[in-house]
Amino acid sequence: MTGSRSLSSGLRALRPAAFGVDPSGERMERIRRSPNYADGVFRNPEGAPRPDGAMREFAKSYFRKEERVLRAPAGVVPVHATTLADLAAPPASGLRLTWMGHSSVLAEIDGHRVLFDPVWGERCSPFAFAGPKRLHPVPVPLAALGPVDVVVISHDHYDHLDLPTIKALADTDTLFAVPLGVGAHLEHWGVPADRLRELDWHETTKVGGISLTATPARHFCGRGLRNTQHTLWASWVVAGDEHRIYHSGDTGYFTGFKDIGTEYGPFDATMIQIGAYSDFWPDIHMTPEEGMRAHLDLQGDRPTGVMMPIHWATFNLAGHPWAEPGEGTVTAAHAVGARVALPRPGEPFEPTAESVPSEPWWRGVALVPKGGWPAVEKTLTEKTNADRTVTGETVAGETLLEETAVEGTAAVEGTSADEIVAGKAVVEKAVRDTPRDKATDTGDPESVPTG
């Protein structure tokens, strides 16, 4: 018996620190009391089938040379050069977003600074020598970013919860808002318990003058060899005195977006996961079309506010071409007349300003697809009528799209109401036609690559 205990202790000592720890004690008791926890695991709002046998097939395609070359940029990813200078003055509108790559976003909202899913490490992996490596440098050093009021974590996968980044932030005064159970990892890595705000779905915490609410998502969790499903995953709503924003974290499409929008929306800006999707795991990552459908659901079925695509371009986590999420987002936005922001990594913008970054910048460094870029190859400047408000209370006119072709200029008439309805039908059909609808939702968590 003594020998067995010694062996267990020795194995624990060899466990990488990045694996974190499982919740225990009072934290585990609170997890067991959660209405979202049943039969020893956290449950998804609409279930998420296990991709039985799919990972073997995915691995075959993932390592094919002809497909591998498409999953990375052909040139150097352009990173915004003046991020720190641009952030020196507060946002004129009171709301500014800076996409740092993947799902990492600095949000400045009504006098507060919120950092979502910060990943400054070179790899999203427990090991420094293996695992997905970043495809572009971080736009600014973490230490140069300045004070942050609260760090928000969506779930504990490596591309959202990064040990080196958390350890660096643990040495500051920032607070951490995390889903239920995730606090165990952070405490293990040196974050004091009194700086943790650990929330179940629909629980809210206040930090200064803003409120942060954990909302449902359709995903899963896990960092170690044993995937115990004892840490929750979440999307997040952040609301200030004047503005409100939404960060999806990782999620498959589900009808709960409508409920989130009804209860907490509409939003000045949504940050929506649209990358690392696959037919092998259709229920836990959204395609660009599904991401646009989620944005509309969150906005009360109206193309108001600004949608910014996240969870793409920085790490290679799925089999689709590197540029496909960006292209798909532009196409989906056109179909419904929605306003999208397409910043380069590190490019700050104000979602309520007259214009937002809208150039398909990735085309300059991506492999050109067979047949060339689609007909939507244009620099988009989207404007909304002055009487369209972010609350959606007044819509007296249609969204106007000024489209400038890469070669020459072509004016396009304003999108009509009928065209918007038709475009929404296209997006809805894309959502309905995913393989998810052919599977049986068991509610069980699945096991797929980190992301």
Side-chain angles (χ1 to χ4, degrees), residues 20-38 41-45 103-105 107 109-110 112-118 148-157 160-162 166 169-170 173-189 191-223 228-240 244-251 254 256-257 259-265 267 270-271 273 298 445:
V21 295
D22 293 331
S24 60
E26 175 52 36
R27 179 177 276 115
M28 193 63 217
E29 289 305 310
R30 186 182 168 201
I31 288 170
R32 291 191 180 101
R33 294 193 299 268
S34 168
N36 304 303
Y37 187 84
V41 296
F42 277 112
R43 294 286 184 165
N44 271 301
S103 296
S104 303
V105 181
I109 175 170
D110 298 337
H112 298 76
R113 303 181 98 217
V114 181
L115 187 57
F116 291 98
D117 283 354
V148 172
D149 294 292
V150 57
V151 171
V152 176
I153 303 297
S154 63
H155 63 296
D156 70 359
H157 285 159
H160 297 260
L161 181 62
D162 179 53
I166 295 300
L169 290 166
D173 295 327
T174 189
L175 300 175
F176 293 82
V178 302
L180 190 54
V182 175
H185 298 312
L186 272 63
E187 280 193 61
H188 183 62
W189 298 334
V191 177
D194 61 3
R195 283 168 49 199
L196 290 173
R197 308 287 178 88
E198 207 161 341
L199 306 183
D200 205 342
W201 290 342
H202 299 295
E203 290 183 343
T204 299
T205 188
K206 293 277 287 185
V207 175
I210 58 172
S211 64
L212 302 100
T213 303
T215 45
R218 196 180 191 211
H219 201 55
F220 71 116
C221 65
R223 293 180 72 84
T228 60
Q229 299 298 301
H230 289 168
T231 62
L232 190 57
W233 46 95
S235 57
W236 288 88
V237 170
V238 179
R244 61 182 61 225
I245 56 178
Y246 173 86
H247 188 285
S248 71
D250 276 5
T251 181
F254 70 115
F257 290 117
D259 298 328
I260 295 170
T262 298
E263 188 166 353
Y264 305 105
F267 301 95
T270 65
M271 297 157 273
Q273 172 265 307
L298 291 161

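If you read the sequence from its start, that first residue is 1, and numbering goes on from there.
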Does the side chain of [Y] come within less than 4.5 Å of [X]'s, by heavy atoms?
| X | Y | result |
| --- | --- | --- |
| W236 | P179 | yes |
| L161 | L186 | yes |
| F257 | Y246 | yes |
| V152 | H247 | no |
| F267 | V237 | yes |

Looking only at heavy atoms, what is the nearest atom pair of [X] and [Y], with distance?
| X | Y | value |
| --- | --- | --- |
| W201 | P45 | CH2-CD, 3.7 Å |
| D149 | R113 | OD2-N, 2.7 Å |
| P118 | S104 | CA-OG, 3.6 Å |

- Fit a plane to each ring of H202 and Y264, take the angle between them on a 0 to 90° scale, and name the class: parallel (under 30°), tilted (30 to 60°) or perpendicular (over 60°).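 Rings of H202 and Y264: parallel, as their planes differ by under 30°.
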
- Partners of H112 by side chain to side chain donor-acceptor pair (under 3.5 Å), sequence neighbours excluded?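 Here no residue qualifies.
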
- Message: Let me confirm one number: the NE2-CZ distance from H230 to R32, rounded to the nearest 0.5 Å.
- Response: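 If I round to the nearest 0.5 Å, the distance is 7.0 Å.
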
- CD1 of I31 to OG1 of T231: how many Å apart, nearest 0.5 Å?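 If we round to the nearest 0.5 Å, I31:CD1 and T231:OG1 are 7.5 Å apart.
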
- Item | side-chain contact (heavy atoms from CB on, under 4.5 Å) against R30, all qualifying residues, sequence neighbours excluded |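 Checked R30 against side-chain contact (heavy atoms from CB on, under 4.5 Å); matches are E26, R33, L180, E198, E203.
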
- Under the 3.5 angstrom rule, does the side chain of S235 hit a backbone N or O of P216 as a donor-acceptor pair?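 A pair under 3.5 Å: yes.
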
- Item | Sub-6.0 Å ring centroid separation between H157 and F220 |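 Between H157 and F220, the centre distance is under 6.0 Å.
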
What pairs of donor and acceptor atoms, side-chain ones from residues 205-213 against any protein atom, are under 3.5 angstrom apart with sequence neighbours left out?
from	atom 1	to	atom 2	distance (Å)
T205	OG1	R197	NH1	2.8
T213	OG1	T204	OG1	2.7

